[in-house]
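The block underneath contains the structure these notes are about, expressed in structure tokens.
To find a chain, count down the sequence lines: A is the first, B the second, and so on, and within it residues start at 1.
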Amino acid sequence: MIAVPATFAWLLIAAQSLIFGTAAFALVTRGLASDSSIDFRRRLPALWRALTLALLVISPLAFLEMACEMAQTRWWRVMPLVPEIMRETDAGRAWRWRLLAVMVLAIAAWLPIRERTAAVAMMLLTAVLMLFGSIAGHAIDFGRLSIAIYWVHQAAAGLWLGALVSLMLGCGADPCQAQWIRAATPKVAALAAASVAILTATGLFAAYQRIGWNLHLLTDAMYGRTLLWKLASFAIVILLAAHNRLRVISHLDEAASRETLLRNVAAEIVLLAVVLGWSAMLANTPPPH
Amino acid sequence: MRTRGRTALTILTVAFVLGAAVPARAHSFPEQESPSAGQTLSAPPGEVSIKFDAPIENLFAKIEVDGADGKNYAVGDPTLTSDGRTLSIKLGALAPGVYTVKWAVVCIDTHHTNGSYIFTVKGPGA
């Protein structure tokens, strides 16, 4: 039964990707005129606080679920084993540091610090969380290069998702909204294009490592079928993003185009959340043997 | 020129990333057993060892060697080599017969695998 651990993994991946990506976008858009980005910068700390609180709640539950999988037992029976698991297993040691990083992240989100310092702190701490996520997952079976590649994969997904959510977050009332969309959209498009290239390369790397040229495993094994669903969802997001880039972005002076863009961006966010859901399923599905 | 440079960089990056990929296995499954699966031995072994294709966690490693009478003939706790891949356990005196090795391990990626295989100890003059 992978529904529960996959749900926890999905929430963790989504929350840390969003913090990482929005923090990165805040740094990328620092040079924009303050009147156009006022709503974005006002709403960002609240988003980070909500997401770090979610991480604080979900992380211990996800750790316990992983401990249950390792010990092949239920939550109430695994409790006495928790200190041993944290001390004696690779994943337990990674989780010990991961939980500490989540606590530091939550504190940093509530500290009254300068916007740039907060963004750098959010980005670095979620980067650390992604690294521990890579260490306690399938990537560790394949060595350090795989851990690094999986980390880059997560970071690229975070940059894309964060840029899209940031664009929506900065939308208030006109005329600020129109200024924000015109100023921020080219940066979102550039980040999205880079992310797609990185996600494609790193995704192919991971898929080849796990499946090789045994293409029948894509349809015969649960891992392969889940991967196909992820690829199909990813392809739809790319098509939508390409439509925005080729048809919508060039007409952002028109209010109708801006509305279309926001509608499409909202759809992209939902679809990316679905892709992250498939990633969480893959993280909890044994690669074919 | 700038676009060409970017394209070349992208192609090089993709080529490097894909070139570095080597198909491998996730989760821990036996790569080599001693005695091996299905082997018939003329003398009883002193221990059973299994080499896995990925490192395992010592904390959750289990191995037992059951005789036809259902009794576990393994003695003491299993030991794991420093690379985390070879699990061994000492055996008591084995009489001639068929023995089933049952193993259950947790890979360092936290996932559980288990399995079993048999070997046979021949009697004197058999």
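Annotation for A:R247: atom CZ does not count as buried by contact number, only 12 or fewer foreign heavy atoms lying within 6.0 Å. Crowding of B:D77 atom CG: a count of heavy atoms from other residues, nucleotides or ligands under 6.0 Å not exceeding 12. Within 6.0 Å of atom CH2 in A:W10, 12 or fewer heavy atoms from other residues, nucleotides or ligands are found, so the atom counts as exposed in its surroundings.
In plain terms, the two heavy atoms of A:M66 and B:T110 that are nearest each other are SD-CG2, 3.6 Å.
Between the CD1 atom in A:I85 and the CD atom in B:E57 there is a gap of 9.5 Å [rounded to 0.5 Å]. To the nearest 0.5 angstrom, A:I135 atom CD1 is 13.5 Å from B:D109 atom CG. Distance check: A:E88 CD to B:F60 CZ gives 9.0 Å after rounding to the nearest 0.5 Å.
No donor-acceptor distance shorter than 3.5 angstrom exists from the side chain of A:Q72 to the backbone of B:H112, with no hydrogens or angles considered.
Contact residues of residues 183-191 of chain A toward chain B are absent (heavy-atom distance under 4.5 Å).
Residues that satisfy the ring pair (Phe, Tyr, Trp, His ring centres under 6.0 Å) test with A:W151, not counting sequence neighbours, are absent from this structure.
Contacts of A:A148 with chain B are absent, with no heavy-atom separation under 4.5 Å from either backbone or side chain. Contacts of A:A91 with chain B are made by both backbone and side-chain atoms, with heavy-atom separations under 4.5 Å.
Screening B:V106, B:L59, B:N58 for a side chain to side chain contact (heavy atoms under 4.5 Å, CB included) with A:T89, the sole residue that qualifies is B:L59.
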